[in-house]
Amino acid sequence: MKKQNHPFHLVDPSPWPLTGSIGAMTLTSGMVMWFHMKNPMLMMMGILILILTMIQWWRDIVREGTYQGKHTIMVTNGLKWGMILFIISEVFFFVSFFWGFFHSSLAPTIEIGMMWPPKGIKTFNPMDIPLLNTTILLSSGITITWAHHSIMNMNHSQTVKGLFLTVILGIYFTILQAYEYIESPFTISDSVYGSCFFMSTGFHGIHVIIGTTFLLICLIRTMKFHFSSKHHFGFEAAAWYWHFVDVVWLFLYISIYWWGS
């Protein structure tokens, strides 16, 4: 390591932003080919490139933060602010979906029968799978908080248990959401209700999958003793993200599943 007289991390040259860009472009082009030509090969190649890029990029960051000591207090503060601003941007992303939903539901137009839900739409029972999913996510909020307190109290076994339960609950939520989509009596093309429902719950589902992956990586790192009570921002960022996913689901459940039905 080169000696430096400042607490900042000057990023080393890395090929992963380039390979990530190539993978994203390949995936996008491959999806177009899959939609129009029924050929998924290019899309699968794009997914493979992105997965390999993520594994190696994350590996490099773990090395520089855990073993090389490059994530100083100053760098960690910068990472915290980056995560906070990222979550704020995600909040406004979901605000746009809620805006579209309430714009259409509070003043339904003649094209949808001047009623909400629109004429011909059979909605989900909010006391069925949606309520179970709400219970699952609220429970996962408890388990991730349990893991967070355990890591600050240097209780390794409790941290692993809390993280493991949170990952299992995230996977369970995703399976139930997929089952609900399969059984859905309407599609994304069924008026503005279908569009609002599947765009908002679908993007939330993607965020749950991303958050579950985030927590799974943290679980593996915890089992490898990468975190200490003072140096665990990777875990903390995952916990913040998961709480954000929890809160968004509560708004989705109350507005779209319960009030909107």
Side-chain angles (χ1 to χ4, degrees), residues 11 13-62 82-83 86-87 89-98 100-101 124 129 133 136-137 140 166-221 234 237-238 241-242 244-245 248-249 252 256:
V11 182
S14 170
W16 311 130
L18 178 61
T19 59
S21 303
I22 293 169
M25 186 64 189
T26 307
L27 175 62
T28 308
S29 306
M31 287 181 75
V32 173
M33 186 176 287
W34 180 44
F35 291 160
H36 292 281
M37 301 172 67
K38 311 297 182 188
N39 185 350
M41 289 304 296
L42 190 63
M43 182 184 71
M44 298 303 291
M45 187 186 298
I47 292 171
L48 181 63
I49 294 169
L50 284 177
I51 289 172
L52 291 172
T53 298
M54 286 190 292
I55 290 170
Q56 293 171 102
W57 203 343
W58 294 344
R59 177 205 63 193
D60 289 353
I61 293 169
V62 167
M83 192 68 195
F86 169 67
I87 290 174
S89 73
E90 292 279 274
V91 167
F92 282 99
F93 176 74
F94 278 100
V95 162
S96 65
F97 292 130
F98 285 110
F101 175 78
F124 289 103
I129 289 179
N133 267 345
I136 289 167
L137 273 192
S140 73
T166 310
V167 170
I168 293 298
L169 289 169
I171 293 169
Y172 187 27
F173 177 93
T174 304
I175 291 169
L176 286 174
Q177 190 79 39
Y179 175 75
E180 186 180 65
Y181 278 13
I182 292 166
E183 296 294 312
S184 174
F186 57 89
T187 69
I188 195 169
S189 59
D190 283 327
S191 80
V192 70
Y193 184 90
S195 299
C196 286
F197 177 86
F198 281 105
M199 285 296 287
S200 54
T201 60
F203 269 110
H204 177 268
I206 290 169
H207 282 72
V208 170
I209 292 168
I210 292 168
T212 305
T213 307
F214 204 168
L215 291 168
L216 181 61
I217 300 300
C218 287
L219 174 60
I220 295 166
R221 292 189 66 194
Y241 189 82
W242 195 253
F244 157 72
V245 168
V248 169
W249 176 258
L252 281 172
I256 292 179

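With a 6.0 Å radius and a threshold of 12 heavy atoms from other residues, nucleotides or ligands, Y172 has its OH atom at or below the threshold. Residue M45 qualifies as open at atom CE: its count of foreign heavy atoms under 6.0 Å is 12 or below. Around atom OH of Y181, more than 12 heavy atoms belonging to other residues, nucleotides or ligands sit under 6.0 Å away.
Residues V208 and W242 come closest through the heavy atom pair O-CZ3, 3.6 Å. Considering all non-hydrogen atoms of both residues, D60 and W16 come closest at OD2-NE1, 2.7 Å. Heavy-atom minimum distance, T212 versus V167: CG2-O, 3.8 Å. When all heavy atoms are compared, the tightest approach of F197 to F124 is CZ-CE1, 3.4 Å. Smallest separation of non-hydrogen atoms from A238 and C218: CB-SG, 3.8 Å.
The structure places CD of E90 at 7.5 Å from CD1 of I210, a figure rounded to the nearest 0.5 Å. Annotation: the span from T166 atom OG1 to I136 atom CD1 amounts to 13.0 Å, rounded to 0.5 Å. Here I22 contributes atom CD1 and T19 contributes atom OG1; the two are 6.5 Å apart, rounded to the nearest 0.5 Å. Rounded to the nearest 0.5 angstrom, T174 OG1 and I209 CD1 are separated by 5.0 Å. Note that the CD1 atom of I47 and the CG atom of L27 stand 5.5 Å from one another [nearest 0.5 Å]. Here CG of N133 is found 10.5 Å from CG of L169. Values are rounded to the nearest 0.5 Å.
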Throw together a table of side-chain donor-acceptor distances under 3.5 angstrom for residues 29-44, partners on residues two or more places apart or in other chains.
{"unit_1": "S29", "atom_1": "OG", "unit_2": "M25", "atom_2": "O", "d": "2.9"}
{"unit_1": "N39", "atom_1": "OD1", "unit_2": "M41", "atom_2": "N", "d": "3.1"}

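S14 and W57 form no side-chain donor-acceptor contact under 3.5 Å, judged by distance and modelled atom types alone.
Shown here are the side chain to side chain contact (heavy atoms under 4.5 Å, CB included) partners of T187, two or more places apart in sequence or in another chain: S189, D190.
Two residues are said to be in side-chain contact when any heavy atoms from C-beta on lie closer than 4.5 Å; I49 and T53 meet this criterion. The closest side-chain heavy-atom distance from S200 to L252 is below 4.5 Å.
Annotation: ring pair (Phe, Tyr, Trp, His ring centres under 6.0 Å) contacts involving residues 200-221, sequence neighbours excluded, comprise F93-F203, F94-H207, F97-F203, F173-H204, H204-W249.
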